[in-house]
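The next block holds one structure in the form of structure tokens; read it before the comments.
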Number of protein chains: 2
Amino acid sequence: MHSPLGRIRQMHRRLLIKPRSKVDLAAFDPSDTRHLGGKQEAQAQLLRDAEAIDLLQDRLYAEGKRALLVILQGMDTSGKDGAVRAVFGRTGPLGISVTSFKAPSAEELAHDFLWRAHRACPQRGTIGIFNRSQYEDVLIGRVRMLAPPDIIEHRYNQINAFEDMISSSTRIVKFMLHISKDVQRDRLQERLDLSHKHWKFDPSDIEERKLWDDYMNAYETMLSRCSTKIAPWYIIPSNKKWARNATIAAIVRATLEDMDPQYPKPEWDPASFTIR
Amino acid sequence: MHSPLGRIRQMHRRLLIKPRSKVDLAAFDPSDTRHLGGKQEAQAQLLRDAEAIDLLQDRLYAEGKRALLVILQGMDTSGKDGAVRAVFGRTGPLGISVTSFKAPSAEELAHDFLWRAHRACPQRGTIGIFNRSQYEDVLIGRVRMLAPPDIIEHRYNQINAFEDMISSSTRIVKFMLHISKDVQRDRLQERLDLSHKHWKFDPSDIEERKLWDDYMNAYETMLSRCSTKIAPWYIIPSNKKWARNATIAAIVRATLEDMDPQYPKPEWDPASFTIR
């Protein structure tokens with residue numbers, strides 16, 4: 001009998017970043033699917049996992065003691081929005097909240113960089129999804145030099161301390177959606193070619209793409225320094241959408257099963273009440 | 001060819017509260033299903049409507065100009081949580097937010113009664129669901145005399161003015177989930193009888209139930225005074241869960257179709273970009 005996390009041992013072995021390990025993204029094939037069965041099998045399993053996540057979320061909500069925070073990071077077109085829909089599209093909306101982190105507002109900039117992340121943390125009983133996150137401040141923040149290098153350098157430890165603090169009530173799991181530069185080109189081109197996808201294209205995406213190598217370096221540093229036992233990073237091969245979705249769903253499900261939320265026992269005796 | 005709202009003309013005729021009309025809840029049968037086909041047909045239609053709401057929400061999100069606010073009110077066990085799951089359980093989580101209004105916090109009490117509702121209003125491009133709402137302040141607020149009568153009396157107009165103000169960017173639709181006192185007894189009893197439902201039972205529910213008639217009066221006043229052209233109230237017969245869900249889904253879908261959100265046209269020429 002495997003533990004819930006043991007069942008996805010293959011994924012752990014290949015995709016989980018061990019604390020304090022040096023990450024070389026070139027060693028991770030973004031088209032890798034060896035941790036999965038074939039496409040059909042993975043798609044069928046995804047549906048089962050999405051249903052299971054819904055049931056587990058119901059128990060988490062009833063229990064009301066702990067939260068789950070799912071962090072998604074990745075380059076433009078890596079499929080963060082699509083993953084949210086595929087993995088959590090069957091979860092009841094009551095116990096889930098998605099926060100999409102955009103360029104910070106004037107009010108957010110007037111606070112420390114973790115302020116807006118902290119405000120968005122899920123309350124006990126719910127699943128919170130960060131679509132981008134505090135890690136933007138060591139990704140675009142580093143690549144675009146939005147703060148002095150020593151400030152950026154300090155942020156990795158600050159994020160680790162922050163995540164350690166919220167972990168008293170919140171389980172954390174972090175996914176880096178890993179795609180190749182070629183796949184990004186194809187997907188950006190598709191946004192130009194299909195009129196119902198035009199709204200997803202932002203001309204500035206092309207400027208960010210020119211800094212691809214700088215971004216990969218920033219991701220490697222982030223993965224090396226911020227994958228911890230209480231808040232692990234997984235690298236999700238995301239060139240194939242079906243593999244991306246199936247992998248994330250499997251890990252989220254196993255994480256929730258490992259949390260094993262329980263319907264609470266009442267402090268009162270059900271037989272003591274009469275309803276007239 | 002019917003307009004989107006014309007297609008649910010039966011529901012409008014029976015369930016929509018006309019502005020400034022005197023409401024007598026006794027005239028609304030909570031078991032009424034005449035506005036629907038049979039149970040099987042309604043359940044099949046619910047699934048189609050839930051899928052359609054998902055597609056419409058995607059267009060609303062892409063358009064990014066308007067929001068939809070769905071307000072749910074009803075006595076304990078009237079099925080607010082169940083309706084959220086049935087109607088919005090197929091909607092992608094990115095563009096939806098649910099706010100469950102509980103007893104106000106000390107910080108909320110330190111502000112005017114609309115402050116917390118305003119903070120929770122959905123941003124453009126999204127659907128916001130209020131599971132309970134500002135109307136608590138003229139329901140439990142009135143029944144439990146949580147404020148002086150003249151203050152409560154003033155709130156109806158204040159709510160109307162508030163809803164008029166947010167309607168510049170937000171479409172509003174309001175549902176009162178109408179059940180009979182007998183059905184509430186059965187559902188409360190079920191929460192005592194089934195151990196996995198114990199967590200939903202609160203001993204204070206029995207105290208509120210004793211004030212049933214006072215609550216019905218408060219609902220009637222609310223419906224009479226706060227159903228407006230820009231923010232209409234519908235009375236949803238909710239003794240039968242399938243009818244409740246099917247009715248709400250049909251009205252939400254028709255409302256979104258009436259809004260008719262569009263994928264935006266870009267301000268740039270797709271052919272002007274080359275992605276390398």
Side-chain angles (χ1 to χ4, degrees), chain A residues 54 58-59 61-64 80-82 84-100 126-127 129 131 181 184-189 191-203 205-206 209-210 262-276, chain B residues 54 58-59 61-64 80-82 84-100 126-127 129 131 181 184-189 191-203 205-206 209-210 262-276:
Chain A
D54 181 35
D58 197 56
R59 278 162 50 187
Y61 190 80
E63 184 191 76
K80 299 179 289 295
D81 291 10
V84 171
R85 169 177 285 272
V87 176
F88 298 102
R90 290 293 178 266
T91 311
L94 259 179
I96 207 163
S97 66
V98 186
T99 306
S100 296
T126 70
I127 297 177
I129 300 160
N131 186 359
K181 199 174 175 187
Q184 191 194 51
R185 185 191 53 232
D186 295 346
R187 292 185 184 170
L188 285 175
Q189 190 62 51
R191 291 183 180 181
L192 291 171
D193 294 343
L194 302 176
S195 66
H196 71 279
K197 292 202 170 181
H198 282 166
W199 67 278
K200 289 189 174 181
F201 183 81
D202 183 331
D205 296 346
I206 291 181
R209 177 173 167 78
K210 289 179 185 161
Q262 300 294 326
Y263 289 107
K265 297 214 190 312
E267 288 161 17
W268 32 265
D269 173 15
S272 67
F273 294 104
T274 312
I275 298 166
R276 291 172 218 283
Chain B
D54 180 35
D58 197 57
R59 277 163 50 187
Y61 190 81
E63 185 192 74
K80 299 178 288 296
D81 292 9
V84 171
R85 169 176 284 272
V87 176
F88 298 102
R90 290 293 179 267
T91 311
L94 259 179
I96 207 162
S97 66
V98 186
T99 307
S100 296
T126 70
I127 298 176
I129 300 160
N131 187 358
K181 200 176 174 187
Q184 191 193 52
R185 186 192 50 235
D186 295 346
R187 292 187 185 169
L188 285 175
Q189 191 62 51
R191 291 183 180 180
L192 290 171
D193 294 343
L194 302 176
S195 67
H196 72 279
K197 292 202 169 180
H198 282 166
W199 68 278
K200 289 188 174 182
F201 182 80
D202 183 331
D205 296 347
I206 292 181
R209 176 173 168 79
K210 290 178 184 161
Q262 300 294 327
Y263 288 107
K265 298 218 188 313
E267 289 161 15
W268 33 263
D269 172 14
S272 67
F273 293 103
T274 311
I275 298 165
R276 290 173 219 284

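In what follows, every chain begins at residue 1, and chains take the letters A, B, ... in the order their sequences are listed. A quick note: this is a predicted structure, and the numbers were derived from the prediction, not measured.
- B:F201 places none of its side-chain heavy atoms less than 4.5 Å from the side chain of A:P266.
- The candidate from A:N131, A:D54, A:I96 with the greatest count of non-hydrogen atom pairs under 4.5 Å with chain B is A:D54.
- The minimum heavy-atom distance linking B:R276 with A:R185 is given by the pair C-CD, 4.3 Å.
- Separation of atoms CG (B:D58) and CH2 (A:W199) is listed at 6.0 Å; rounding is to 0.5 Å.
- When all heavy atoms of A:P93 and B:V98 are compared, the pair lying nearest together is O-CG2, 3.5 Å.
- Between chain B and the options A:D193, A:I129, A:D81, the largest number of non-hydrogen pairs under 4.5 Å is found for A:D81.
- Of the listed residues B:I206, B:T99, B:T274, the one with more heavy-atom pairs under 4.5 angstrom with chain A than any other is B:I206.
- The choice from B:R191, B:K265, B:Q189 that makes the most heavy-atom pairs within less than 4.5 Å of chain A is B:Q189.
- In terms of heavy-atom pairs under 4.5 angstrom with chain B, the leader among A:S195, A:P203, A:G95, A:G92 is A:P203.
- For the pair A:W268/B:L192, a side-chain contact is recorded, criterion being any heavy-atom separation below 4.5 Å from C-beta on.
- Judged by distance alone, with hydrogens and angles left aside, the side-chain atoms of A:R85 form no donor-acceptor pair with the main-chain N or O of B:L94 at under 3.5 Å.
- For chain B, no part of A:S97 is nearby; none of its heavy atoms comes within less than 4.5 Å.
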